[in-house]
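Small disclaimer: the values here were computed from a predicted structure and weren't measured. Labels below follow one simple rule: chain letters A, B, ... track the order of the sequence lines, proteins then strands, and each chain is numbered from 1.
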Amino acid sequence: MSVRIGVLALQGDFAEHGAMLGRLDAEPVEVRQRSDMDGIAGLIIPGGESTTIGKLMERYALRGPIQALAEAGKPIWGTCAGLILMARDVGRRQPLLNLLDITVERNAFGRQTDSFETDLEIEGISGGPFHAVFIRAPVVRAVGPGVQVLSRLDDGTIVAVRHGRLFGTSFHPELTGDTRLHAGFVEMARHA
Amino acid sequence: MSSNGAVSKNTETVKRGLAQMLKGGVIMDVVTAEQASIAEDAGAAAVMALERVPADIRADGGVARMADPEKILEIQAAVTIPVMAKCRIGHFVEAEVLQSLGVDYIDESEVLTPADEEHHVAKAGFDVPFVCGCRNLGEALRRIGEGAAMVRTKGEAGTGDVVEAVRHMRRVMSELRQIQHMRPDELYAYAKEIQAPLNLVEEAAELGRMPVVNFAAGGIATPADAALMMRLGSDGNFVGSGIFKSGDPALRARAIVEATTNFEDSALVAEVSRNLGEPMVGIANSSLQPEEMLAGRGW
């Protein structure tokens, strides 16, 4: 049975996430307002500009409903800007969801010319390394109790975390053809 | 649990990828750090740093060049969102200077006075990605062939009249629809006709869309203009003079951001359009002489 997965569609590469979900047994639903969240089994917060998405999330009063979705045990996954929005602390004032007890550093690698691609081992993902695209990417500088580190760069920098059914990645699986992370997320949503 | 891959920077994926992150957003022209902060607070997905907004370039006349590096550095220091900057068409040294400043995207722009009347910058050789203007599919694919990682309509900058942006977006979208139904031999002839690289014509036909992100630009002045461009298939909007030449830039900027996100919700576009104050005064494109049109620049 196809499962409805919300993709926050305020700004950013939500269409790319939708296309990945479309390749799996999932029905992507673009979420711009509260009513779009009815019946979704999980939510993806895409890449984009976290300040833009955060402001619109506040403007349309989506923060409460997203936090309620997490409290109801539904999986939520943030990629890049989505990771920033799920954090507790990003070192500056901007609207956040405070879903993951992590400290995030924005634009941690520098400007666009420091953006890069590399292969990562990710805990729980079998079948070889995962090709990861980092664009003006944030990283996780500290994790609180209960937050599991799923992947690090060679220098130890944390780039993927999990707490229960909440996930955050610094990179963009939606920009590669590799559906393994999306598939795992869809399966979790189906059984949540 | 260790990564074992080599790191590759400045790849096509990474260059085009930043534009993908800007989709559904508004990129605003700013001339000072203060304007950049206003734009960021209003929800801009990026800012374009320049010396003068297009309406002033038009009014002042003279040669329009790359912005003062000092100004670009001030704008970079003021915001966390990406900072783009414009270089003149063909002026590869201005482009190198902008790259050395660490701008996130370079707009090789017809809004500035062209530095070369035959050649565009060979953009593929740069680490920083480029966006370029286009009026039709052939022009867009020529720029992508040179290495542009994002395109936008030219529209007619600094006028507040959206008619040219509409003309260019409709043309591009119509041509993209046409090539999807062409046979391989027809694509070959069509590529010759529109003077575009064959491989990119084939790629666009196969994808059924532009191979890179495609924004609207040039004359967008109201939330309804922004929503109109999205309805015509734009991936997002550049707004130049339309914001900081209006009566209440912060309010108008927020409204244009909201209309770009909710472009199919006309009740919301109506709501955000209420009491925005004076829009930029504007110049009807039909009143411009051909030599006053900026969109004709670029080859």
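Without hydrogens or angle criteria, Asn262(B) side chain to Arg32(A) main chain gives no donor-acceptor distance under 3.5 Å. In this structure, the side chain of Thr261(B) engages the main chain of Leu10(A) through a donor-acceptor pair within 3.5 Å.
In this structure, the side chains of Glu16(A) and Lys23(B) come closer than 4.5 Å at one or more pairs of heavy atoms. A heavy-atom distance below 4.5 Å is not found between the side chains of Val7(B) and Phe109(A). Met21(B) is listed as a side-chain neighbour of His172(A), based on a closest heavy-atom distance under 4.5 Å. Between Val14(B) and Glu117(A) there is a side-chain heavy-atom pair separated by less than 4.5 Å.
For the atom pair CD (Gln33(A)) and CG (Leu268(B)), the distance works out to 8.0 Å, reported to the nearest 0.5 Å. Between Leu175(A) atom CG and Gln20(B) atom CD the span is 5.0 Å, to the nearest 0.5 Å. Atom CD of Gln112(A) and atom CG of Asn10(B) lie 8.0 Å apart (nearest 0.5 Å). To the nearest 0.5 Å, atom CG of residue Leu56(A) and atom CD of residue Glu258(B) are 6.5 Å apart.
Summarising the geometry of Asp104(B) relative to Arg111(A), their closest heavy-atom pair is OD1-CB, 3.6 Å, with the distance given to 0.1 Å. The two residues Asp41(B) and Lys55(A) come nearest to each other via the heavy atoms O-CD, 3.2 Å. When all heavy atoms are compared, the tightest approach of Ala45(B) to Glu49(A) is O-CG, 3.0 Å.
The candidate from Gly25(B), Ala46(B), Gly43(B), Gly24(B) with the greatest count of non-hydrogen atom pairs under 4.5 Å with chain A is Gly43(B). Heavy-atom pairs under 4.5 Å with chain A peak, among Ile81(B), Asp235(B), Val103(B), Thr260(B), at Ile81(B). The greatest number of non-hydrogen atom pairs below 4.5 Å with chain A, out of Pro82(B), Gly102(B), Pro129(B), Gly236(B), is found for Pro82(B).
No more than 12 heavy-atom neighbours from other residues, nucleotides or ligands sit within 6.0 angstrom of CZ on Phe92(B). By the neighbour-count criterion of 12 heavy atoms within 6.0 Å, atom CD of Glu206(B) is sparsely surrounded, having that number or fewer from other residues, nucleotides or ligands. More than 12 heavy atoms of other residues, nucleotides or ligands sit less than 6.0 Å from atom CZ of Arg92(A). A 6.0 Å sphere centred on CG of Asn275(B) holds no more than 12 heavy atoms belonging to other residues, nucleotides or ligands. Residue-environment remark: CD (Gln180(B)) exceeds the threshold of 12 foreign heavy atoms within 6.0 Å.
With a 4.5 angstrom heavy-atom cutoff, Glu174(A) touches chain B only via side-chain atoms. For Phe130(A), no part lies near chain B; criterion is any non-hydrogen pair under 4.5 Å. Neither the backbone nor the side chain of Ala132(A) comes within contact range of chain B; no heavy atoms are under 4.5 Å apart. The parts of Thr113(A) that come within reach of chain B are both its backbone and its side chain, each placing non-hydrogen atoms under 4.5 angstrom from that chain. Contacts of Ala44(B) with chain A are made by backbone atoms alone, with heavy-atom separations under 4.5 Å and no side-chain atom involved.
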